[in-house]
2 protein chains.
Amino acid sequence: MPNPTIYDVARTAGVGVGTVSRVLNNSTRVSPETQEKVLSAIRVLGFRRSKVARQLSTGIQHRNIGAIMPFITHPSFVERLRGMQLALNHQDNDFNLVLYNVSEPERYHEQLLAMVEQATVDGLLIATLNVSDDQRDLLTQAGIPFVTLSDACGEALNCISPDNRHGGYVAAQHLLELGHRRVAYVGDAFPNIYGFPTSELRYEGYLSALKEYGIPYHSEYVCLGAHGEDTAHRLTEHLLALPEPPTAIFAMSDIQAVGCILAIREAGLRVPEDISVIGFDDVQLSRYIGLTTVRQHLEQSGYLGMQLLLNMLTAPDNVVARQLPPLELVVRGSTQHWSALFR
Amino acid sequence: MPNPTIYDVARTAGVGVGTVSRVLNNSTRVSPETQEKVLSAIRVLGFRRSKVARQLSTGIQHRNIGAIMPFITHPSFVERLRGMQLALNHQDNDFNLVLYNVSEPERYHEQLLAMVEQATVDGLLIATLNVSDDQRDLLTQAGIPFVTLSDACGEALNCISPDNRHGGYVAAQHLLELGHRRVAYVGDAFPNIYGFPTSELRYEGYLSALKEYGIPYHSEYVCLGAHGEDTAHRLTEHLLALPEPPTAIFAMSDIQAVGCILAIREAGLRVPEDISVIGFDDVQLSRYIGLTTVRQHLEQSGYLGMQLLLNMLTAPDNVVARQLPPLELVVRGSTQHWSALFR
DNA sequence: TTTATGAGTGGAAGCGCTTCCAAGCAGGAT
DNA sequence: ATCCTGCTTGGAAGCGCTTCCACTCATAAA
């Protein structure tokens, strides 16, 4: 028997379904002999009670909030996740947090479709992933409220996002203010495999800062590749091999900044004495290694996103927008003044 | 109406339930006018389709694997989580990973009870938390297979755990081999609020190493407190204020080791020149800051735990035990040779 | 002996959906 | 006028459980 039900158990044990249910729920009103009969039938048949039927019958409403993100590859997910959990804890309601990891970008859409078709989630937090118009319609039509975290969203109400372009500007400006003139950008290739334009936006900010400070654009100072420490490491080696290597690097994420720093050290140079490095995100790690970076309040964005979503789920008539605090330049030890005069 | 059903929608729209269902599922065989009537009724009533009823009816079996841990306070959770997700991805089955955060230890048992009563999970991964005999029975009787990660388990089949006592021994031995004689232990107070004896086991390993090397035990070198960087920081200040401060510190986790190092630096001393520090876990951070530590393969333990649980869920007749690789001493820059002769 | 009492039990109803079958109905073919 | 076809539609059955009501049968009380 593929999937025995309590009817099968009842028949095998020679009792009624009510009795089986009572045994299953540890009701005391069952004689020891009957209980033993039922338990043995359960064992024989390999019976497993259906969670869904039970929930329907008892009227328990378990609501799931899905968090979907390519988190294995993105370290910043942790901080957002922590914020989400915090918001969930603060409101004492029966929502479960279900994790969906997008391991392969091609499967992302498929995963969304499955969620809609199989009604697995009641609400969705989408982080570090783009939502196409089709996908928005799909979710809307299915009645699944969702909140986008961190990227790719215009002025949509349901989006918690920093001003990436401004962040890119701030980072580059910091380096320019320190006197650097050969400033490189290390970031993700765009258009990104997940379809979000974070790298592009920060790059645009970088460009506008250069322009404002009257620095001519050098395409060899812009190095794009896959997200991650290793790629950044490789790109930096390439930068250092240039006839006129940069004196400062703006990495689009802290993890990539780490890759840059390691490459610089391996080349026998020092950070920040020889080359300054600024990152982006301010993940926990950055504090420990003393990385100058642009703080984007990751934990808080998870927190606000969850708050907003809960708001949409529990009081859909009265959804209030959430504001992320502005980006913040955090100066630590990885950037330093530079002047051609001292060379 | 508190919770309108499709019957209510059907009545309001003046159609049959079949038609409502068809509209809900985007079946094409509904005339535009009817569809509009239904949609408006849905809007008016604020109808939301029951996920559970739908799943029961369609026979979709969504199986949930719960991961329960005090993760907001324990940074090592990330690595385990990553391992869990990896294992889930490798087996292409319909399991959801549901996160349960134990924010207050008192609520842990309550959370387990709710899971059992409300049948929310089909299997459970329990990390950094102890499972009492009562709790074991509770889960067993409810037919919820579970795997414990990392602590507190004897030789139970369903437990993935490093040999914490041996790990403590290895860490202390490393310091002793380097010539240190005044070796402190900074760890969690035990019995721990969550009921697991990690700190105690590592402490025992520390003790046995001291004994083996013939070092007398000094109770003032053993500093216990809450888990976390801040407490470790404070405890270290206390250690440094001793008339004979230790020359080496064994911190029971990398995060605590970081707290120690910061306190040492703030006291104007250097690591490892003045004081050596060894941690435990080998979280990602440790690689970047050059912390000597004992690697306990956190990611892999999450991976193996998930594998084991999936095995229990899908082939309960043929459960095979999983072996965690042995602990590994990882020597980086935070420990150094010490000899009284050079002082 | 009769009458409460209560423990143990069987089974129908119902949870809210999907789906299938039957039936209504319009319009074209015969 | 009659039949057929195909598009819409209504509604019953069923998913697997819980729970309540009704019933039986001891046993205790009268």
Side-chain angles (χ1 to χ4, degrees), chain A residues 1-39 41-42 45-63 116-120 122 142-144, chain B residues 1-39 41-42 45-64 116-122 142-144:
Chain A
M1 188 158 319
N3 263 322
T5 71
I6 58 167
Y7 283 94
D8 301 318
V9 175
R11 205 177 321 116
T12 307
V15 300
V17 287
T19 304
V20 177
S21 179
R22 260 165 248 132
V23 171
L24 251 16
N25 293 303
N26 292 317
S27 167
T28 49
R29 326 220 116 204
V30 180
S31 75
E33 310 90 69
T34 312
Q35 175 153 351
E36 188 39 55
K37 276 196 292 183
V38 172
L39 290 177
I42 287 176
L45 294 175
F47 167 80
R48 302 206 57 193
R49 170 161 65 170
S50 154
K51 187 178 63 189
V52 174
R54 190 168 180 212
Q55 287 177 348
L56 178 60
S57 178
T58 52
I60 294 174
Q61 279 296 350
H62 261 290
R63 307 183 83 187
V116 170
E117 272 167 28
Q118 305 177 7
T120 38
D122 300 279
I144 301 179
Chain B
M1 188 159 315
N3 264 322
T5 70
I6 58 167
Y7 284 93
D8 301 316
V9 175
R11 204 176 323 114
T12 306
V15 301
V17 287
T19 305
V20 176
S21 180
R22 261 166 247 133
V23 171
L24 252 15
N25 294 302
N26 292 317
S27 167
T28 49
R29 328 220 114 206
V30 180
S31 75
E33 310 91 71
T34 312
Q35 176 153 350
E36 188 40 53
K37 276 195 292 183
V38 171
L39 289 177
I42 288 176
L45 295 174
F47 166 80
R48 301 205 58 192
R49 173 160 61 171
S50 154
K51 187 178 64 189
V52 173
R54 193 173 180 206
Q55 288 177 348
L56 178 59
S57 179
T58 52
I60 293 174
Q61 281 295 348
H62 261 289
R63 308 183 82 188
N64 291 340
V116 169
E117 270 167 31
Q118 304 179 6
T120 37
V121 297
D122 301 278
I144 301 180

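Below, each value reflects all heavy atoms present in this structure, side chains not excepted, and no hydrogens, waters or symmetry copies. Chain letters run A, B, ... following the sequence lines, proteins first and then strands; every chain starts at 1.
- As rounded to whole Å, 13 Å separates atom C1' of D/dC15 from atom CG of A/D8.
- Residues passing the side-chain hydrogen bond (donor to acceptor under 3.5 Å, both in side chains) test with A/K37: none are found, sequence neighbours excluded.
- Applying the side-chain hydrogen bond (donor to acceptor under 3.5 Å, both in side chains) criterion to B/T34, with sequence neighbours excluded, gives B/S31.
- Partners of A/E117 according to the salt bridge (charged side-chain N to carboxylate O under 4.0 Å, His left out) rule, which considers only residues two or more places apart in sequence or in another chain, do not exist here.
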Polar atom pairs between nucleotides 16-24 of chain D and protein, under 3.5 Å, N or O only, would you list them?
unit_1: D/dG16; atom_1: N2; unit_2: A/A53; atom_2: O; d: 3.3
unit_1: D/dC17; atom_1: OP1; unit_2: A/S50; atom_2: N; d: 2.9
unit_1: D/dC17; atom_1: OP2; unit_2: A/I6; atom_2: N; d: 2.6
unit_1: D/dC17; atom_1: O2; unit_2: A/S57; atom_2: OG; d: 3.1
unit_1: D/dC17; atom_1: N4; unit_2: A/Y7; atom_2: OH; d: 3.3
unit_1: D/dT18; atom_1: OP1; unit_2: A/N25; atom_2: OD1; d: 3.4
unit_1: D/dT18; atom_1: OP1; unit_2: A/N25; atom_2: ND2; d: 3.3
unit_1: D/dT18; atom_1: OP1; unit_2: A/R49; atom_2: NH1; d: 3.0
unit_1: D/dT18; atom_1: OP1; unit_2: A/R54; atom_2: NE; d: 3.1
unit_1: D/dT18; atom_1: OP2; unit_2: A/S21; atom_2: OG; d: 2.7
unit_1: D/dT18; atom_1: O4'; unit_2: A/S57; atom_2: OG; d: 2.6
unit_1: D/dC20; atom_1: N4; unit_2: A/R22; atom_2: NH2; d: 3.3

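- Taking the C1' atoms of five terminal pairs at each end of the helix from C/dT1-D/dA30 to C/dT30-D/dA1, the two resulting helix axes are inclined by 60°, rounded to 10°.
- No side-chain heavy atom of B/R11 sits under 4.5 Å from any side-chain heavy atom of B/I6.
- In this structure, CD of A/E33 is placed 13 Å from C1' of C/dT9, rounded to the nearest angstrom.
- Residue A/S31 places none of its side-chain N or O atoms closer than 4.0 Å to OP1 or OP2 of C/dA7.
- Atom P of nucleotide C/dT9 and atom CD of A/Q35 are separated by 10 Å, given to the nearest angstrom.
- Taking 4.5 Å as the limit, every side-chain heavy atom of A/D122 sits out of range of all side-chain heavy atoms of A/I144.
- As a whole-Å value, the separation of A/K51 NZ from D/dC15 C1' is 16 Å.
- Checked against side chain to side chain contact (heavy atoms under 4.5 Å, CB included), A/R22 has the following partners two or more places apart in sequence or in another chain: A/T19, A/S27, A/V30.
- Side chains of A/F47 and A/D8 form no contact here, defined as non-hydrogen atoms less than 4.5 Å apart.
- Residues B/R49 and B/L24 meet the side-chain proximity criterion, which asks for heavy atoms closer than 4.5 Å.
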